[in-house]
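Just so you know, these numbers use all the heavy atoms, side chains as well, and skip hydrogens, waters and symmetry mates. Quantities reported herein were computed from a predicted structural model and do not represent experimental measurements. Naming convention: chains lettered A, B, ... in sequence-line order (proteins, then strands); numbering from 1 in each chain.
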Amino acid sequence: MNITDDIAGLRRILTRYRSIAVVGISANWYRPSYFAAKYMLDHGYQIFPVNPNYSEVLGRKCYPTIAAIPESVDIVDCFRKPAEMVPLAHEAVAKGAKVLWMQLGIRNDEAAMIASAAGLDVVMNHCVKIEHARILGGLNWAGVNTGVISSRRA
Amino acid sequence: MADHLYGFDTLCLHAGHIPDAATGARALPIYQTTSFVFDSADHAASLFNLQTFGNVYSRISNPTVAALEERVAALEGGRAGLAAATGMAAQMTALLTLCRAGDHLVASRTLYGGTYSQFAVTFAQFGIDVTFVDPDDPENFRRARKGNTKALYAETIGNPQLNIADLDALATIAHDAGIPLVIDNTLASPYLCRPIEHGADIVVHSLTKYLGGHGTTMGGILVESGKFPWDNGNFPQMTEPSRGYHGVRFYETFGDFGFTMKARMETMRTLGPTLSPLSAFLLLQGIETLHVRMPRHCESTLAIAQHLSEHPQIAWVNYPLLSGNRYEALARKYLPSGASGILTFGVKGGAEAGVRFIESVQMLSHLANVGDAKSLVIHPASTTHRQLSEDEQRAAGVLPEMIRLSVGLESLSDILWDLDQALNNSQ
Ligand SMILES: Cc1ncc(COP(=O)(O)O)c(C=O)c1O
């Protein structure tokens, strides 16, 4: 299976791909899903909110499903329960996404297998915002042990 | 592909600092600034909402201080760190993030005297009650725990008793109660012991001692393991919307570094005992040679302990790794590569002989600190503990004839020579 959790692999995903469907996004500004989407938007990514309960989040049109997004999607970032990951993996594959990303606290090996078999990269149990800040800068300012050691300029 | 795991020595030199993006400077720049410009009103809002990571004001975070925080967090095998102006400020920040008025702590009764006063006098004024127990039987911590106990607290190596905490046993007792174990690892340093590997949840340091290592700079730090389950019901301040930070739930939002974020954004931001960037730079310079200095401190100290234990003018010697010491087994378990650079001994002839010894040293420095590159001596009965009666001194583990020696990095033969000539003059 193709699970990515090393620095080089995450860096490749976060630098190569630019569009993210945030599935299960909340419209409340203090919820983690909103935090993550706002952060990625601020860092130059294209964000497609996905949640059937809202028509607009972060000033962007919010879609009921991944399939309803009219443009191509690179990363399907999931803020849903582990049990909902299998159908989301199928939707991500059908959409032609490149990465199935399950957020912090979410693991589902079956979903990972489905996405991986279709050639997608899979990330599990990581926050897209925290990993971006860890590897591409910012999290170090919060005193976090990023694990990044390098003699090259940031 | 798994990430390469760097060794401890490499982390001493590299963790937390990659060359400056703007200039390529290899050494850590000193960001001597109070404040940082915002890119836009929206960027400012994101920073204040904690939606993006960045610097606003150096009371809260600063890139030079952050490099130090990450480095110590990496050396301790922790998830995140928060530096403070002194060791006292760091432990206060950790404990005031855990406790409020009406809460309770169980602490070892063999703590550094300043820490004892912080808990017994100052925390009492805040309405936080501390029970002090004999740490030699870890079950004393379990017996003293109450429904409102929020943490257990001990020092890896007690100062100045040099008793060793049974970290594994304390961690089990803390976790059985659903509360964190907080360990002051100052005298050991992460080179000799990493309490998180033994179950500690929060490690605090006085960076003033071995980490800085040169007696130049005050500082402290707290490090969070990232493993404590803050949603176990005992810490609503970690899981409920924060009053101090417009409704953010720290554990949900920041996960395994949520405690450090809360300590930074609430306790440090509102109480303000922040480390300065220049101090962070000086402390970090020291840390770059921690792995070179600590073995030498340990070797010289063991050699001196052995020399003194055969010395005719010496009544007793206390060093955990000296054979026959009552903490030898715990020291071999928790401090396998050395028991640090501090020993105590008794000069024959009681308090007066102790004073004469101190007045006779020529190269050892008579002052109230430990963990300097230079050798330091003090006679606690006539200095740090002189306000106490002899009975009170004995209860605090300070015997009239006791000398505390913090062994530095000078030629071992010169330290031995100075000890011997001062001992001869003491009689
Ligand atoms: C074990 C221990 N903890 C904490 C402290 C307090 O540190 P600081 O003097 O940096 O406030 C000291 C200082 O002597 C110490 O020895």
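Crowding of A/R107 atom CZ: a count of heavy atoms from other residues, nucleotides or ligands under 6.0 Å not exceeding 12. Within a 6.0 Å sphere centred on CD of B/Q32, other residues, nucleotides and ligands contribute more than 12 heavy atoms. Counted within 6.0 Å of CZ on B/R26, heavy atoms from surrounding residues, nucleotides or ligands total more than 12; the atom is thus considered enclosed.
Neither the backbone nor the side chain of B/M265 comes within less than 4.5 Å of any heavy atom in chain A. Residue contact with chain B, scored on non-hydrogen atoms closer than 4.5 Å, involves the backbone of A/D5 exclusively. For a residue to count as touching a neighbouring chain, one of its non-hydrogen atoms must lie under 4.5 Å from one of that chain's; by this rule B/A67 does not touch chain A. Proximity to chain B (any heavy atom under 4.5 Å) is restricted, for A/D42, to the side chain, taken from C-beta onward.
In this structure, B/L50 CG and A/F35 CZ are separated by 5.5 Å, a value rounded to the nearest 0.5 Å. Note that CD of B/E252 is 4.0 Å distant from CZ of A/R31, once rounded to the nearest 0.5 Å. In this structure, the separation between CG on B/L13 and OG on A/S151 is 13.0 Å, given to the nearest 0.5 Å.
Closest approach of A/S150 to B/P19, counting heavy atoms only: O-CD, 3.4 Å. Here the closest non-hydrogen pair linking B/R264 and A/A142 is NH2-O, 3.1 Å. The shortest heavy-atom contact between A/G143 and B/A73 is O-CB, 4.4 Å. The two residues A/T146 and B/E70 make their nearest non-hydrogen contact at OG1-OE2, 2.6 Å. In this structure, B/D42 and A/K38 approach most closely via the heavy-atom pair OD2-NZ, 3.2 Å.
Chain A forms the most heavy-atom pairs under 4.5 Å with one residue out of B/H4, B/R71, B/R79, B/E69, and that residue is B/R79. In terms of heavy-atom pairs under 4.5 angstrom with chain A, the leader among B/P241, B/S46, B/A2 is B/S46. Per-residue counts of heavy-atom pairs under 4.5 Å with chain B were compared for A/L104, A/T4, A/V148, A/I130; the largest is that of A/I130. Of the residues considered (B/A15, B/G247, B/G81), B/G81 shows the highest number of contacts with chain A, using heavy-atom pairs under 4.5 Å.
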Would B/T52 and A/H43 count as a side-chain contact (heavy atoms from CB on, under 4.5 Å) here? Give the steps. CA-CA 9 Å; B/T52 195; A/H43 286 78; 3.3 Å; yes
Candidate pair B/F257 and A/L139, rule side-chain contact (heavy atoms from CB on, under 4.5 Å), full reasoning: CA-CA 11 Å; B/F257 59 100; A/L139 195 60; 3.7 Å; yes
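The side-chain heavy atoms of A/I149 and B/I18, taken from C-beta on, include no pair separated by under 4.5 Å. Under the 4.5 Å side-chain criterion, counting only non-hydrogen atoms from C-beta, A/N140 is not in contact with B/F53.
Distance alone, capped at 3.5 Å, places no donor-acceptor pair between the B/D3 side chain and the A/D6 backbone. The closest donor-acceptor contact from the side chain of A/N145 to the backbone of B/G78 lies under 3.5 Å.
Screening A/Y39, A/Y34, A/Y30 for a side-chain contact (heavy atoms from CB on, under 4.5 Å) with B/Q51, the sole residue that qualifies is A/Y34.
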